[in-house]
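Just the heavy atoms: all of them, side chains too, but no hydrogens, waters or symmetry mates, feed the values below.
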Amino acid sequence: IGQHMIFNTTRYFFADWTAIYYNEKFNRVPEKSGLLLTMPFACGAVVQMLISGVEGPMIKRGFTPLKVRKMTGSLGFLITSGCLFMMTFSYDAYTFCFWLSLLEASLACHACGYKANYMDLTTRYQGIFMGTGNTIASICTFGMPLAVAAFLDVFHDWDELFLALSV
């Protein structure tokens with residue numbers, strides 16, 4: 001459930017705030033940032049297609065589905081955290097776009113993890129776990145834009161926000 005919450009929080013934070021960030025940090029209005037706003041999500045979509053073919057071959061090589069999900073989810077979190085940290089050092093829009101593209105690609109690593117691991121917890125009560133997990137993750141999705149707005153109102157610092165999210 002925690003993985004699902006963090007995934008949603010990260011994914012929708014960037015979906016909601018990237019255009020505002022480019023405008024405030026780099027003075028680039030959304031109308032002139034089309035490629036910068038599109039590239040990260042395109043990278044994520046491409047990697048999503050590639051990663052979807054990873055689980056089957058790994059299972060054929062002797063890995064259990066749970067082991068594959070743990071490995072890809074852990075890899076996704078590790079890369080995501082590193083990208084968030086590196087974003088604090090992005091002083092131009094293109095460098096930030098690079099790290100955001102890599103971050104979106106890392107979120108694709110969760111495809112083998114959070115979407116299926118409720119069955120790993122329980123097969124008998126999987127519906128309850130899925131419902132609870134989706135509800136909590138949806139609350140995080142709703143709450144993240146509000147939390148970011150409050151953070152920026154108090155601290156006025158995007159770099160601190162990325163640093164806080166990286167840990």
message = Does Glu104 form a side-chain contact (heavy atoms from CB on, under 4.5 Å) with Met39? I'd like the steps, not just the answer.
response = CA-CA 10 Å; Glu104 286 294 331; Met39 184 61 66; over 6 Å; no

task = Start with the C-alpha gap between Leu75 and Met71, add the side-chain angles, then the distance that decides, and say whether side-chain contact (heavy atoms from CB on, under 4.5 Å) holds.
result = CA-CA 6 Å; Leu75 179 63; Met71 288 177 7; over 6 Å; no

key: side-chain contact (heavy atoms from CB on, under 4.5 Å) between Asp157 and Phe151, worked out   = CA-CA 8 Å; Asp157 190 345; Phe151 186 95; 5.5 Å; no

message = Using side-chain contact (heavy atoms from CB on, under 4.5 Å), reason through Leu161 and Phe155 one step at a time and then give a plain yes or no.
response = CA-CA 9 Å; Leu161 178 64; Phe155 297 104; over 6 Å; no

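A donor-acceptor distance shorter than 3.5 angstrom exists from the side chain of Thr10 to the backbone of Ile6, with no hydrogens or angles considered. Put simply, the side chain of Thr64 gets close to the backbone of Lys67: a donor and an acceptor are under 3.5 Å apart. A donor-acceptor pair under 3.5 Å links the side-chain atoms of Arg28 to the main chain of Lys32, judged by distance alone. For Ser81 (side chain) and Phe77 (main-chain N/O), no donor-acceptor pair under 3.5 Å exists by modelled atom type.
With a 4.5 Å cut-off on side-chain heavy atoms, Cys97 and Tyr22 count as touching. Put simply, the side chain of Leu37 reaches to within 4.5 Å of the side chain of Pro30, judged on heavy atoms. Residues Phe142 and Ile139 have side chains not in contact (no heavy-atom distance under 4.5 Å, counting atoms from C-beta outward). A heavy-atom distance below 4.5 Å is not found between the side chains of Ile79 and Leu103. Contact of the Met87 side chain with the Leu100 side chain is registered, since non-hydrogen atoms from C-beta on lie closer than 4.5 Å.
In summary, the aromatic rings of Tyr21 and Phe96 are positioned with their centroids under 6.0 Å apart.
Ser106 and Thr80 share a side-chain donor-acceptor pair at under 3.5 Å.
Between Lys25 and Asp159 there is a salt bridge, with a side-chain nitrogen of the basic residue lying less than 4.0 Å from a carboxylate oxygen of the acidic one.
Expressed to the nearest 0.5 Å, how far CZ of Arg124 lies from CZ of Phe129 amounts to 13.0 Å. To the nearest 0.5 Å, atom CD1 of residue Ile136 and atom CE of residue Met5 are 6.5 Å apart. Here the CG atom belonging to Leu165 is positioned 5.5 Å from the CG atom belonging to Leu84, to the nearest 0.5 angstrom.
For Asp153, the CG atom sits in a packed shell: over 12 heavy atoms of surrounding residues, nucleotides or ligands are nearer than 6.0 Å. Few gaps surround CE on Met58; more than 12 heavy atoms of other groups in view lie less than 6.0 Å from it.
Of all heavy-atom pairs spanning Thr141 and Tyr12, the tightest one is CG2-CD1, 3.4 Å. In plain terms, the two heavy atoms of Ser138 and Asn8 that are nearest each other are N-ND2, 4.3 Å. Across all non-hydrogen atoms, the minimal contact from Leu36 to Ala93 is CD1-CB, 3.7 Å.
Aromatic ring pairs are classed by plane angle as parallel below 30°, tilted from 30° to 60° and perpendicular above 60°; the pair Phe13 and Trp158 is tilted. Using cut-offs of 30° and 60° for the angle between ring planes, the Phe89 and Phe85 rings count as perpendicular.
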